[in-house]
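Take a look at the structure below.
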Amino acid sequence: MGESLILNITKGLKSFLVVSCLFLVCSIPFLNAQTATFEISGAVEGFFPTLLEPERYMGIAFTNTTDFEVSIELKAFDSHGELITGRDILNPATLRVLPRGQTWASVGDDFGAGILSEDVGKISYQSNRAALATLFLIGDEKNMLLDGGTAGQTPLKTFVFPSISREGEEPFTTIHLFNPSAESNLEVELTLYDLAGTVVGSRTVTLLPQGVIVQDVTVLFGLDPAIFSGGYVRGTAEGDGVVALETFGNEQSLNLLAAQPLSLNERSYWIPHFAVGGGFDTELTLINTDSSRSATLRVMALDDQGDPRLNPVQVSLGPLEQGIFNLSTLFGISNDQQIVGSLRIDLENDLLDSSSEPASVNGSLRLKSSDGRLSASLPLLLPLDADAFYAHIAQDLGFFTGVAVLNPHRDPVEVRVEAFDQVGDQLGENTFTLPGGGRKAKLLMELIPATAGQVGGYFRVRGAREIVSFALFGDLASESISIIPSQ
């Protein structure tokens, strides 16, 4: 695929795709990635830590990755952790997913229309088998904003929200907290830092058992949104921890990021795709969460073979400092250039002294359009997977599915991409070898032509060793994008 076409992989997905899939034969309206190391027996419980808000909608999806039928019980709770009841409400609700099958679940359809007017704080599920890939979607009915995540995120005791929205006429940053304990209250201390690492505000909130708090940063800390030119939030939870995520954006875009563990302590970070030029840019956010040491990072832009695409750039961050960089400015790329590739970020001072523990660096990457209409975010640290499922294909109705795969190792790695329809029959496969540090970013139908015109089904990315990957959905009208990495 030519560079201009690869650049178009960053053009995106609108909530119309959800509506189209719900009323067509598509059994999962959106994308989820999850590793293939599932148990095939034993019960499992998970949850979707989000709220239905005015003019917002929510959808959930399940994929059965085994050869056994799966039964799922869904329950909707209010923000105080109480089971919701009332007229035109069926709660709990039960779903059955066929072997290797998919099913979607809009909140109103599963629980009844009455649930849409209720204070829904959390939707939990229990399954007779721990063999599910999951997804939740939130969107804005008025502005057609959309993003999503996966169920059952790991509770964290210390964590970071790396992004505070500051662009557009109506920037927002909303913090979502969920107490997974059914027995005790949970206190969470939140601290807001500016770019320089100075504390701007602090707040302690209490969550009831199974309770949820969803609040905008400006309300939470009582601050004027006009003061923000960046910043981040650190959190500390007692007990077994809290499930946390943030949504941020403006009147044109919506992004979702799960909270990141405070102490990542990685020596290198890999991002399989960036795009600069042609109306696009990529924003890199880096945070040194170490309170006593500076961090010096080397940012490298690589081509598909893993060779340097541009001259490396050095970034230095003092203790607790945050840096926000557009790659066009960071690498000095002119407006008439169109460049795509991957990123490798090394902590230089820690590489010189391999005996020391690496400094803790957090952050995110945001693909965006110059006019602000398109925006999709990834965490700085992406998981390594030898086998990942991506539980939806959209290659028709004006939409496309893309996949980016990267080999973080020095030696070559063989990668296989397989596509399946909704009943689990294979549509085709493509096997290729990535050199050390190399990557491949393609439309799925370029890798597997049989997926052209496919709406529904899923694809799988497997490597001879652990690799980094993510999938991207987009619409040809370039109105929205959505990216979800493997889990």
Side-chain angles (χ1 to χ4, degrees), residues 156-168 171-177 186-207 213-238 241-250 255-266 269 283-297 299 315-326 330 345 347 349-350 357-366 375 377-381:
L156 299 173
K157 292 186 176 182
T158 57
F159 56 90
V160 175
F161 296 119
S163 296
I164 303 293
S165 184
R166 64 202 184 282
E167 299 176 343
F172 67 88
T173 302
T174 304
I175 287 176
H176 304 242
L177 302 173
L186 176 66
E187 285 196 350
V188 182
E189 182 181 5
L190 301 169
T191 305
L192 176 64
Y193 293 82
D194 63 15
L195 283 165
T198 302
V199 174
V200 177
S202 183
R203 173 83 182 274
T204 298
V205 297
T206 301
L207 289 88
I213 289 178
V214 177
Q215 201 161 45
D216 190 87
V217 166
T218 56
V219 176
L220 192 64
F221 294 102
L223 298 171
D224 184 347
I227 72 169
F228 292 107
S229 58
Y232 61 98
V233 175
R234 289 176 58 166
T236 302
E238 59 181 15
V242 65
V243 175
L245 61 91
E246 64 170 325
T247 52
F248 61 95
N250 53 40
N255 301 265
L256 185 146
L257 282 174
Q260 300 181 34
L262 180 64
S263 300
L264 294 181
N265 300 122
E266 298 288 327
Y269 300 84
E283 179 184 270
L284 176 64
T285 297
L286 299 171
I287 306 168
N288 177 13
T289 54
D290 197 302
S291 60
S292 60
R293 291 186 294 170
S294 296
T296 301
L297 301 107
V299 183
V315 173
S316 294
L317 299 172
L320 303 180
E321 186 178 358
Q322 179 190 52
I324 303 175
F325 312 95
N326 285 329
L330 186 66
I345 303 169
L347 280 96
N349 42 345
D350 290 315
E357 184 181 67
S360 180
V361 174
N362 295 75
S364 61
L365 188 92
R366 184 164 69 96
S375 182
S377 296
L378 291 165
L380 181 65
L381 180 63

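The first residue of the sequence shown is numbered 1, and numbering continues consecutively from there. The figures here come from the full heavy-atom set of this structure, side chains too, leaving out hydrogens, waters and symmetry mates. Please read these numbers as outputs of a predicted model, since none were measured by experiment.
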- With sequence neighbours left out, what residues match Ser291 under side chain to side chain donor-acceptor pair (under 3.5 Å)? none
Closest non-hydrogen atom pair, [X] against [Y]:
{"X": "Ser202", "Y": "Thr191", "result": "OG-OG1, 3.8 Å"}
{"X": "Ala244", "Y": "Leu177", "result": "CB-CD2, 3.7 Å"}
{"X": "Gln260", "Y": "Gly363", "result": "NE2-O, 2.5 Å"}
{"X": "Tyr269", "Y": "Leu380", "result": "CD2-CG, 3.7 Å"}

- Between Asn255 and Ser163, is any pair of side-chain heavy atoms under 4.5 Å apart? no
- Query: Got Val205 and Leu207 here, is their nearest side-chain heavy-atom distance under 4.5 Å?
  - Reply: yes
Sidechain-backbone polar pair: [X] side chain, [Y] backbone, donor-acceptor under 3.5 Å:
{"X": "Ser360", "Y": "Thr289", "result": "no"}
{"X": "Asn288", "Y": "Glu321", "result": "no"}
{"X": "Glu238", "Y": "Glu187", "result": "yes"}
{"X": "Asn362", "Y": "Pro261", "result": "yes"}

Could you list the donor-acceptor pairs under 3.5 angstrom formed by side chains in residues 226-235, with sequence neighbours left out?
{"residue": "Tyr232", "atom": "OH", "partner": "Leu320", "partner atom": "O", "Å": "2.6"}

- Spacing of CD belonging to Glu266 relative to CG belonging to Leu381, to within rounding of 0.5 Å: 5.0 Å
- Query: When rounded to the nearest 0.5 angstrom, what distance separates OG1 in Thr296 from CG in Leu317?
  - Reply: 8.5 Å
- Message: Pairing donors with acceptors under 3.5 angstrom, does anything connect the side chains of Ser377 and Ser364?
- Response: no
- Query: Which residues satisfy the ring-ring contact (aromatic ring centres under 6.0 Å, His included) test with Phe161, sequence neighbours excluded?
  - Reply: Phe159
